[in-house]
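Right, one structure below, let's go through it.
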Amino acid sequence: MEEPVVESVGYSAPCEDCGARLERCGVHSLIGGTLRWDVESMCRACGQATADCGQVLPARLRDRLLTDHGPATLHVTDPSMERVTLMRVLRAELGIGLTEVKAVLGQVLAGAYSGTLPEVEYLARKLRRAGVDAVATRP
Ligand SMILES: [Zn+2]
C-alpha cells in the first residue's frame with residue numbers, strides 16, 4: 001500500500017445563508033490510487049455547515065492549493081527508452097488525444113509538467129507501475 005498524499009488549504013468565504021465570513025477547509029488527496037477532493041465549510045454566525053466532495057478537482061480549489069503550496073513537478077529520470085510507454089500512460093490517465101499528448105510529453109521531458117502534489121504523484125505512480133522511472137518533486 002502506497003503512502004497517501006494529502007494537501008489542504010484553509011480560507012474564508014461569505015456564508016450563503018447569512019453573509020458572515022465562514023471558514024472553509026479544502027483538501028486534495030491521493031489515497032489507494034484514487035484522487036479526490038473535499039471542502040468543508042462552517043459558519044460560526046449561523047451554524048450553517050456544508051461538505052462537498054468529488055473526483056475532478058474544481059479549478060478554484062486547485063488554484064488555491066497551487067498558490068498556497070506551490071506546484072509539484074513530474075520528472076522522468078531516463079526518458080530516452082520510454083517515450084512510447086510515457087505517451088500511452090499520459091494518454092490513458094489524462095484522457096487526451098495524440099496531438100495533445102505530444103505537447104504534454106514535451107513538458108514532461110523538459111521537467112515543466114506541474115500540478116498539485118496529489119495530481120503529479122498520481123501520474124508518477126502510474127508511470128512507475130508501467131516501468132518508467134518517474135518522480136514527483138517540489139522545489
Ligand atoms: Zn452563516
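Position 1 is the first residue of the sequence; numbering continues from there. For ligands, and for the atoms within them, numbers begin at 1 and follow the listed sequence.
Between E121 and E2, every side-chain heavy-atom pair lies at or beyond the 4.5 Å cut-off. In this structure the side chain of L86 reaches within 4.5 angstrom of the side chain of L127, judged on heavy atoms. Inter-residue side-chain proximity for C53 and R36 is flagged as met; some heavy-atom pair is nearer than 4.5 Å.
Clustering ILVMFWY residues whenever any of their side-chain heavy atoms sit less than 4.5 angstrom apart, transitively, puts V132 in a cluster other than the one holding V135. Residue V89 is grouped with residue V101 when hydrophobic side chains (ILVMFWY) are merged at heavy-atom distances under 4.5 angstrom, including chains of intermediate members.
If you chain together ILVMFWY residues whose side-chain heavy atoms come under 4.5 Å of each other, Y11 ends up grouped with V9, W37, V39, L57, L61, L65.
Of all protein N/O/S atoms, those lying under 2.8 Å from the Zn ion (ligand 1) come to 4.
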